[in-house]
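Encoded as structure tokens, the structure appears first; notes follow it.
Protein chains get the first letters and strands the later ones, always in sequence-line order, with residue 1 at the start of each.
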There are 2 protein chains.
Amino acid sequence: MAEKKKAVTEKEAATTCACQKVRMAARAVTRAYDRALRPSGLRSTQFSILVAASVAEGIPLHRLAEILGLERTSLTRNLAAIEREGLIQVTSVDGRTRSVLLTPVGSARLKQALPLWAQAQQTLRARVGEKDWPILDHSLAKLKEVA
Amino acid sequence: MAEKKKAVTEKEAATTCACQKVRMAARAVTRAYDRALRPSGLRSTQFSILVAASVAEGIPLHRLAEILGLERTSLTRNLAAIEREGLIQVTSVDGRTRSVLLTPVGSARLKQALPLWAQAQQTLRARVGEKDWPILDHSLAKLKEVA
DNA sequence: CCCAGAACAGTGTATGTACACTCTTTCATT
DNA sequence: AATGAAAGAGTGTACATACACTGTTCTGGG
């Protein structure tokens with residue numbers, strides 16, 4: 001006996017959509033971190049890229065994109081802006097493989113940004129609460145893993 | 001006695017940054033929902049806007065932006081594309097206040113998209129697991145609230 | 001009635017994101 | 001060595017996001 005499937009309603013989508021929720025959260029958090037990082041002249045994404053490039057210097061671009069959870073082609077575009085500013089240099093490893101190097105200017109900028117980041121992170125963490133923080137961390141990791 | 005504050009390291013930022021994590025999760029989820037919605041011709045954001053406009057029809061644009069957790073000016077831009085496609089109509093409530101109305105075409109498109117959304121949502125939910133799903137929901141709500 | 005300020009919305013500019021497609025280089029196989 | 005597949009990366013196009021700034025309309029106090 002085929003059961004009648006309940007039709008999905010607009011209201012349900014409006015109140016439960018996980019995509020909407022995670023995007024909304026990401027926008028809010030990004031606005032906060034961007035504001036905090038502003039004195040450094042870096043946006044959240046640029047900060048993330050510099051940090052990753054600093055920790056994993058010399059790895060191929062497609063690996064860096066993978067680490068950052070970014071489409072490879074999105075990374076290419078993001079790199080253009082910070083390369084224009086002289087913070088990084090994209091160099092050829094071999095004829096087809098390229099990788100990111102931090103310039104001294106980029107390193108200095110990152111050093112300047114780190115305390116600003118720490119402040120934003122600490123503020124958010126305090127507001128989320130020590131109890132919920134690791135739960136949040138786990139939730140986001142899970143989401144990324146299964147999506 | 002002033003304690004020496006430990007300097008923040010690149011490594012710490014790389015592994016713990018909540019902004020990076022929530023953005024990464026949002027990108028992954030968005031890619032999945034966009035893929036699922038593709039047959040409808042709607043992107044995740046457009047779907048969210050249509051859903052919200054359908055549920056809260058007639059409210060001022062700045063209120064709609066607030067509901068969606070979007071900057072008002074971002075909403076303006078997002079509306080342009082779906083208005084161009086004839087899915088909505090932005091109408092004047094009074095000289096300065098405007099609001100969104102779904103066109104019949106927009107309503108039909110939304111009806112077509114709803115089952116696709118439900119499928120994506122259900123798939124994600126199954127992968128996250130019934131136990132973690134409400135926790136995730138709470139985490140994202142909290143994040144948005146405090147950021 | 002007038003007008004100053006608040007409320008509401010749009011633009012200019014810049015960055016972020018991704019898919020489809022293309023280009024070049026490497027590498028394994030013959 | 002020739003070559004075709006696979007690997008690595010860039011471009012074209014379109015949409016998403018937000019801040020700073022601008023323009024317009026309403027509204028209350030005089």
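By the side chain to side chain donor-acceptor pair (under 3.5 Å) test, Arg27(A) is found to be paired with no residue, residues two or more places apart in sequence or in another chain being considered. For Arg98(B), the salt bridge (Lys or Arg N to Asp or Glu O under 4.0 Å) criterion is met by no residue, not counting sequence neighbours.
At a threshold of 4.0 angstrom between heavy atoms, the contacts of Arg98(B) are confined to the sugar-phosphate backbone, with no base atom among them. Within the 4.0 angstrom heavy-atom criterion, no nucleotide atom of any strand lies near Arg63(B). Backbone-only contact: Arg38(B) has heavy atoms under 4.0 Å from sugar-phosphate atoms and none from a base.
Residue-to-nucleotide contacts include a donor-acceptor pair under 3.5 Å from the side chain of Arg77(A) to the base of dG12(D).
In the set dA16(D), dC19(D), dT17(C), dA16(D) carries the atom at the smallest distance from any side-chain atom of Asn78(B).
Position along DNA chain D of the nearest nucleotide to Leu61(A) versus Thr30(A) favours Leu61(A) as the more 5'-ward residue. The residue among Gly69(B) and Glu85(B) whose nearest nucleotide of DNA chain D is located toward the 5' end is Glu85(B).
Rounding to the nearest 0.5 Å gives a distance of 10.0 Å between CZ of Arg43(B) and CG of Asn78(B).
Remark: nothing in residues 39-49 of chain A comes within less than 4.0 Å of DNA chain D through any heavy atom.
Applying the salt bridge (Lys or Arg N to Asp or Glu O under 4.0 Å) test to pairs two or more places apart or on separate chains, those with a residue in residues 8-18 of chain A are Glu10(A)-Lys111(B). Counting only residues at least two apart or in different chains, salt bridge (Lys or Arg N to Asp or Glu O under 4.0 Å) contacts with residues 72-86 of chain A comprise Glu85(A)-Arg109(A).
Arg35(A) places its CZ atom 14 Å from the C1' atom of dT17(D), with the value rounded to the nearest Å. The distance between atom CD of Glu66(A) and atom P of dA9(D), rounded to the nearest whole Å, is 12 Å.
Side-chain contact annotation: Tyr33(B) with Gln121(B), donor-acceptor N/O pair under 3.5 Å present.
By the 4.0 Å N-to-carboxylate-O rule, Glu145(A) lies too far from Lys142(A) to be salt-bridged with it.
Between Thr76(A) and dA9(D) there is no side-chain polar atom (N or O) within less than 4.0 angstrom of OP1 or OP2.
Checked options Val29(A), Ile49(A), Asp34(A); the residue passing with Ser44(A) is Asp34(A) (criterion: side chain to side chain contact (heavy atoms under 4.5 Å, CB included)).
Counting heavy atoms from C-beta outward, Val90(A) and Leu101(A) have side chains that stay 4.5 Å or more apart.
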Atom pairs under 3.5 Å, N or O on each side, protein against nucleotides 21-28 of chain D: can you list them with distances?
from: dC26(D); atom 1: OP1; to: Gly95(B); atom 2: N; distance (Å): 2.6

